[in-house]
Protein chains: 2
Amino acid sequence: MDGEQLHQLIYRYESATFTVNRRLSALIRELMPGGLTADQYGILRYIQERQRCTSSELADMFCVGKSSITAIITRLFDKELIRRMPDEKDRRIIYLQLTEKGAGVATEMEIKIQQLLARYISHFEEQEAETFIRTYEKLAKVLTEQ
Amino acid sequence: MDGEQLHQLIYRYESATFTVNRRLSALIRELMPGGLTADQYGILRYIQERQRCTSSELADMFCVGKSSITAIITRLFDKELIRRMPDEKDRRIIYLQLTEKGAGVATEMEIKIQQLLARYISHFEEQEAETFIRTYEKLAKVLTEQ
DNA sequence: TGATATAGTTCCCTTGTTGAATTGTTTTAC
DNA sequence: GTAAAACAATTCAACAAGGGAACTATATCA
């Protein structure tokens, strides 16, 4: 791939990612139930998948400082969506878990987002979508490993 | 494409997009010169491409309220990166343009981001990257048209 | 045991966002 | 030709999210 080709591809990538991200996050914002934000939902989903996790792990995964995570966690805690469970052995560690209410909200939102995305992704042939996602996952992997 | 396949694809899409977006925006954040944010850069780039535009157009493109745009524009104005040019005929309209300084900063940042993305995208075969981008552009189009 | 590292929090400041109200200007309808 | 409606941009108050520095409490290491 020569320089000019690469340049063109990157330009097109920037353009597409800008449009897709802005539009999708606006659509998702509208979907959110009272008071929940997209970031808060992201945290809920992450915890739901892992069953439990720590603030530091969230900070790493979300690529932000730990103080940002503390702030979000506090808001979710105040809404009674998550629980703080201190580790028995190492008392510096506080595990985060969803409450029943938190799990309900996360699942409800997941379904809504699935429905939203389905409206757009179903426009594509299965093969095209599969190929696309596979490359996207590769990109995610490259970004994670470096 | 049946329901379960679609469900799996969407799940994988959410996962990949989360990782890519979080990682890339953290990398881009580090690249930014003193005081400029990614959103501010996005606005500069948009204006640079169109030569000039209005606040309302930016609000539409960025999918946010006009008051958000006013806030960002004011910060860029204070940094002397953009100029406000009232329309001669319709005095409600204020066109935004880059100053020389603004154009310099935008171009400098664009080069840095190109270099950053090149480090990752160059890992892919040209054909794979082309196919990927083409689908991504289609998705952007579908999202824009609805 | 004393120094160092780690997990999480707190505090302060900045940015981006919303939504409602406001100002000034233009267009429309009668 | 004027009154009403529409429109572009701004202001303001409130909040979410982010960074960084300082801090607390606990654990590990030498």
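So you know, we letter chains A, B, ... as the sequences are listed, proteins then strands, and number each from 1.
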Task: Side chains of B:L98 and B:R83 in contact at under 4.5 Å (non-hydrogen atoms) - done: no

Open item on the list: Just to be sure I understand the geometry, which residues of residues 38-61 of chain B put a non-hydrogen atom under 4.0 Å away from DNA chain D?
Closed with: B:T54, B:S55, B:S56

Open item on the list: Do B:L9 and B:V142 land in one hydrophobic cluster if side-chain heavy atoms of ILVMFWY residues count as linked below 4.5 Å?
Closed with: yes

- [ ] Check whether the side chains of A:Q5 and B:E126 place a donor and an acceptor atom closer than 3.5 Å, and report yes or no.
- [x] yes

Open item on the list: Rounded to whole Å, please give me the gap between CD1 in B:I73 and P in D:dT10.
Closed with: 8 Å

Task: Verify same cluster id: A:I94, A:L76 (apolar side-chain graph, 4.5 Å) - done: no

Open item on the list: Could you tell me if A:R22 sits above the aromatic ring of B:F62, with its cationic atom closer than 6.0 Å to the ring centre and no more than 45 degrees from the axis?
Closed with: no

Open item on the list: Taking any atom closer than 4.0 angstrom to a non-hydrogen atom of chain B, what span of DNA chain C does the protein reach, first nucleotide to last?
Closed with: C:dT15 to C:dT26

- [ ] Please assess A:D90 against A:R92 for the test salt bridge (Lys or Arg N to Asp or Glu O under 4.0 Å), listing each intermediate value before the final yes or no.
- [x] CA-CA 6 Å; A:D90 186 339; A:R92 291 171 302 181; 2.9 Å; yes

Open item on the list: Can you confirm whether B:L36 sits close enough to B:L81 that some side-chain heavy atom of one is under 4.5 Å from a side-chain heavy atom of the other?
Closed with: yes

TODO: Answer yes if B:Y46 and B:Y95 sit in the same cluster of Ile, Leu, Val, Met, Phe, Trp and Tyr residues linked by side chain heavy atoms under 4.5 Å apart, and no otherwise.
DONE: no

TODO: Could you state the atom-to-atom distance from CZ of B:R75 to C1' of D:dT11 in whole Å?
DONE: 13 Å

Open item on the list: Within the structure provided, determine whether B:T37 and B:Q40 are in side-chain contact (heavy-atom separation under 4.5 Å).
Closed with: yes

- [ ] Run the numbers on A:T135 and B:T131 for side chain to side chain contact (heavy atoms under 4.5 Å, CB included), then give the verdict.
- [x] CA-CA 9 Å; A:T135 302; B:T131 305; over 6 Å; no

TODO: Please report the C-alpha distance between A:E80 and A:T99 in whole Å, then the side-chain angles of each, then the deciding distance to 0.1 Å, and finally whether the side chain to side chain donor-acceptor pair (under 3.5 Å) criterion is met.
DONE: CA-CA 7 Å; A:E80 300 180 342; A:T99 60; over 6 Å; no

Open item on the list: Any heavy-atom pair between the side chains of A:L58 and A:C53 that's under 4.5 Å?
Closed with: yes

Task: Five-pair end axes of the helix from C:dT1-D:dA30 to C:dC30-D:dG1 and the angle they enclose, rounded to 10° - done: 20°

- [ ] Strictly below 4.0 Å, heavy-atom distances to any atom of DNA chain D: list the hits from residues 16-23 of chain A, or just say none.
- [x] none

TODO: Going 5' to 3' through nucleotides 19-30 of chain D, assign each nucleotide B (protein heavy atom under 4.0 Å from a base atom), S (under 4.0 Å only from sugar-phosphate atoms) or - (no protein heavy atom that close).
DONE: BB-----BS---

Open item on the list: Does A:T37 reach a base, just sugar-phosphate, or nothing at all? Heavy atoms under 4.0 Å.
Closed with: sugar-phosphate

TODO: Describe the nucleic acid contact of B:I72 in one word from base, sugar-phosphate, nothing, applying a heavy-atom distance below 4.0 Å.
DONE: sugar-phosphate

TODO: Mind checking A:A71 for me? I need base, sugar-phosphate or nothing, with any heavy atom below 4.0 Å counting as a touch.
DONE: nothing

Under 3.5 Å, sequence neighbours excluded: what are the donor-acceptor pairs made by side chains of residues 105-120 of chain A?
{"from": "A:T107", "atom 1": "OG1", "to": "A:Q48", "atom 2": "NE2", "distance (Å)": "3.1"}
{"from": "A:T107", "atom 1": "OG1", "to": "A:A103", "atom 2": "O", "distance (Å)": "2.9"}
{"from": "A:K112", "atom 1": "NZ", "to": "A:L31", "atom 2": "O", "distance (Å)": "3.4"}

Task: Face-on cation placement of A:R12 at B:Y136 ring, 6.0 Å and 45° thresholds - done: no

TODO: Just do the salt bridge (Lys or Arg N to Asp or Glu O under 4.0 Å) check on A:E49 and A:R45 with the steps written out, would you?
DONE: CA-CA 6 Å; A:E49 227 152 81; A:R45 273 300 302 282; 3.2 Å; yes

